[in-house]
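These notes concern the structure reproduced below.
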Amino acid sequence: MIYTFYKYQGTGNDFVMIDNRQLIFDKNNTKAIKKLCDRRFGIGADGLILLENHDTLDFKMVYYNSDGNESSMCGNGGRCLVAFAKFLGIIKKDTQFMAVDGKHDAIIEADLVKLQMQDVPHINIFDTHVFLNTGSPHHVQLTTDLKNIDIKKIGSNIRYGEPYNELGTNVNFVVKNSETNFSVRTYERGVEDETLSCGTGVTAVALAMHAIGETEKNLISLETEGGELQVSFDKNDSKYQNIWLIGPATQVFKGEIEC
Ligand SMILES: N[C@@H](CCC[C@H](N)C(=O)O)C(=O)O
């Protein structure tokens with residue numbers, strides 16, 4: 001089968017996009033998904049995203065990690081998919097779409113995409129780290145030396161270790177620069193390596209830093225290896241609501257591939 005694909009990136013978290021409104025894509029072909037994402041034998045990406053029709057909303061997001069498996073929510077992928085939907089003429093400025101974790105609102109202006117994330121009712125605070133789910137599971141750990149940390153080695157040990165085991169987690173290492181600015185590097189489950197940025201990851205970091213009292217602000221800038229993202233939110237009782245992930249999403253190139 002020959003597929004027309006589009007390549008997008010959001011602060012360096014990159015995705016292959018396929019317009020699957022005609023249901024042309026064989027979702028059971030894990031080998032093909034892996035090949036599309038392979039940086040040597042395929043196009044190369046952290047994940048594959050299919051844009052599909054939805055009965056009541058503008059479109060549906062189907063997300064696969066680069067290991068070929070369908071996974072939980074991808075924040076940067078969601079932002080890139082909104083840009084793709086605009087490129088395809090499906091939406092103009094405001095949209096509502098369905099993802100694996102439920103309905104999302106989004107707004108696109110030029111190449112800036114604001115994506116509303118699901119509410120976060122529980123944050124688990126431990127002595128050494130914080131664990132929370134922002135659509136995907138995230139372990140958040142403060143560190144002092146972000147530059148020299150071996151993200152792949154330490155991230156992988158945490159991802160496969162107790163209590164996460166097989167189901168795993170994404171792992172974020174954080175340095176506080178100020179009340180409103182944190183630097184983050186993320187080990188991503190399903191990519192099994194560091195990615196240049198993770199949208200659900202920086203969302204988790206912003207909420208975690210607020211929950212443990214590292215900041216009292218509700219608009220936080222997050223410096224990733226691939227660029228800057230912003231997260232805004234409200235806290236009502238112990239629940240985080242009205243959470244928005246904000247940043248650029250860009251089309252890089254288009255092509256055709258046989259797989
Ligand atoms: N890149 C992502 C997160 C994608 C999901 C993750 N790899 C997982 O399986 O949990 C993002 O931008 O949120």
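Atoms within each ligand, like the ligands themselves, are counted from 1 in listed order.
Side chain of N65 to main chain of V191: no donor-acceptor pair is present (N/O by atom type, distance under 3.5 Å, no hydrogens or angles). Side-chain atoms of T143 never come within 3.5 Å of backbone atoms of L146 as a donor-acceptor pair (strictly under, hydrogens ignored). Panel note: side chain S232, backbone N218; no donor-acceptor pair is recorded below 3.5 Å.
In this structure, CG in L222 is found 10.5 Å from CD1 in I246, a value given to the nearest 0.5 Å.
Of all atoms in ligand 1, listed by their number and element, those nearer than 4.0 Å to a heavy atom of N76 are 11 (C), 12 (O). Taking every non-hydrogen atom of N65 and a distance limit under 4.0 Å, the qualifying atoms of ligand 1 come out as 5 (C), 6 (C), 7 (N), 8 (C), 9 (O). Ligand 1 places these atoms under 4.0 Å from at least one heavy atom of T200: 3 (C), 11 (C), 12 (O), 13 (O). Against a heavy-atom cut-off of under 4.0 Å, Y63 is close to the following atoms of ligand 1: 4 (C), 5 (C). The distance from ligand 1 to the heavy atoms of M73 drops below 4.0 Å at these ligand atoms: 3 (C), 4 (C), 5 (C).
At least one heavy atom of S136 sits closer than 4.0 Å to an atom of ligand 1. The closest approach between a heavy atom of V191 and any atom of ligand 1 is not below 4.0 Å.
Nearest-heavy-atom check against atom 10 (O) of ligand 1 across N13, N170, L196, T203 picks out N170.
Looking only at protein heavy atoms, the nearest one to atom 7 (N) of ligand 1 is R189 O, 2.8 Å. Atom 9 (O) of ligand 1 has S71 OG, 2.7 Å as its closest protein atom, hydrogens excluded (heavy atom only). Looking from atom 12 (O) of ligand 1 to the surrounding protein, the closest heavy atom is G199 N, 2.6 Å.
Of the polar atoms of C74, none of the N or O atoms is found under 3.5 Å from an N or O of ligand 1, judged by distance alone. For the pair F15 and ligand 1, the shortest N or O to N or O distance does not fall below 3.5 Å.
For the residue pair R39 and S66, no side-chain donor N or O sits within less than 3.5 Å of a side-chain acceptor on the partner. When only modelled atom types and interatomic distance are considered, E52 and N20 share a side-chain donor-acceptor pair under 3.5 Å.
Checked options F5, Y6, F97, F59; the residue passing with F84 is Y6 (criterion: ring pair (Phe, Tyr, Trp, His ring centres under 6.0 Å)).
Taking the six-membered ring for Trp and the full ring otherwise, the centers of Y3 and F25 sit less than 6.0 Å from each other.
The neighbour count for K176 NZ, taken as heavy atoms of other residues, nucleotides or ligands under 6.0 Å away, is above 12.
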